[in-house]
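Reviewing the structure listed below.
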Amino acid sequence: MTFTLATWNINSVRLREPIVCKLLQEEAPDVLCLQECKSPVDKIPLEGFRALGYEHIVARGQKGYNGVAILSKLPIEDVGGHDLVGLGHARHVAAKLENGVTIHNFYVPAGGDVPDREVNLKFGQKLDYLTEMRDWFHGDRPEKSILVGDLNIAPREDDVWSHKQLLKIVSHTPVEVEHLAQAQDAGNWVDITRQDIPEGQLYSWWSYRAKDWDAADKGRRLDHVWATSDISNAGHSSRVLRHVRGWEKPSDHAPVFATFDL
DNA sequence: ATGACCGCTCCAAGCGGA
């Protein structure tokens, strides 16, 4: 079977409901993973999603911050949410499809402004979050699994508009890239997006602050799709829907899609 | 400086985003 999954940081699910519905109508992924819902679960506007065939939803939410949700046309089972680092944040939820594939949806902490844990508590929490991801996957090796989300790190030189200018900017510092690589290695996760699109600059986020995000094109690839090798060894293809960044009242992130032959 | 915006909240100034 062909299975299409998308991940999208939508920066408020209530404000973005119209363009979430537009994406579901135009692209019809089997599963859409959302981050930064910024809503308690019982306040997520589900009716429009249900009307489009997304009747299966698992989510974790909190008021005003964070929040992750998995919308699915296929039946899914809620297989838990991990509160890594004990922050009390809604940053992870997992769901299992009837074919046994597990989907992890993560929203890794952004990490604040200063890339130094001695002066910036949030940066330390981000590194600790990635360390706990590593330890979790090292102790409980994932199989038949897909991991997506806003991981808030652009690991490769061609994942940012200027490697040199971003080396000391949170999201592209060497210490973050190393922590992300260790979490990836611990689970033997394959970077599906870069396996499918190995060459060239590729971004999924552009700041709201730029006057013309498209012309400036100072982006970063913060949103990722990973899979275990039992899934990545079959066929797959990927795309970033850059044009969605230009929709009415947009998120600052574009959705990242992956299609698998399961 | 990428660079002066966006969305949230005890409703409005401050936090967080990255």
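Chain A is the first sequence line, chain B the second, and so forth, proteins listed ahead of strands; every chain is numbered from 1. The basis for the numbers below is simple: all heavy atoms, side chains too, and nothing from hydrogens, waters or symmetry mates.
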Aromatic plane relationship, A/F137 with A/H104 - under 30° parallel, 30 to 60° tilted, over 60° perpendicular: perpendicular
Aromatic plane relationship, A/F260 with A/H236 - under 30° parallel, 30 to 60° tilted, over 60° perpendicular: tilted
Nearest-nucleotide comparison on DNA chain B, the residue closer to the 5′ end among A/Q165 and A/D150: A/Q165
Given DNA chain B, 5'-ward residue of the pair A/W161 and A/L15, judged by closest heavy atom: A/W161
How many Å lie between [atom1] on [X] and [atom2] on [N], as a whole number?
| X | N | atom1 | atom2 | value |
| --- | --- | --- | --- | --- |
| A/K218 | B/dA4 | NZ | P | 10 Å |
| A/Y129 | B/dA18 | OH | P | 13 Å |
| A/D252 | B/dG16 | CG | P | 17 Å |
| A/I153 | B/dG17 | CD1 | P | 14 Å |
| A/Y107 | B/dG16 | OH | C1' | 8 Å |
| A/K38 | B/dG17 | NZ | P | 9 Å |
| A/W206 | B/dC6 | CH2 | C1' | 17 Å |
| A/N11 | B/dG17 | CG | P | 11 Å |

Sugar-phosphate only, base, or nothing, as touched by A/N9 at under 4.0 Å among non-hydrogen atoms: sugar-phosphate
For the [atom1] atoms, the ones on [N] and on [M], what distance do you get once it is rounded to whole angstrom?
| N | M | atom1 | value |
| --- | --- | --- | --- |
| B/dA4 | B/dG17 | C1' | 14 Å |
| B/dC15 | B/dC10 | C1' | 16 Å |
| B/dC8 | B/dA12 | C1' | 11 Å |
| B/dC5 | B/dA18 | C1' | 13 Å |
| B/dG14 | B/dA1 | C1' | 22 Å |

Aromatic centroids of A/H253 and A/W8 separated by under 6.0 Å: no
Ring centers of A/H172, A/W161 separated by less than 6.0 Å: no
A/R245 to A/W213, cation-pi by 6.0 Å centre distance and 45° axis angle: yes
Geometric cation-pi criterion A/R239 and A/F257, 6.0 Å radius, 45° cone: yes
Closest nucleotide among B/dT2, B/dG7, B/dA4 to the A/K211 side chain: B/dA4
Nearest to side-chain heavy atoms of A/Y208, which nucleotide of B/dT2, B/dT9, B/dG17: B/dG17
Nucleic acid contacts of residues 119-126 of chain A, taken as heavy-atom distances under 4.0 Å to DNA chain B: A/K122
Test item: A/T131 side-chain N/O and A/Y129 main-chain N/O as donor-acceptor pair under 3.5 Å: no
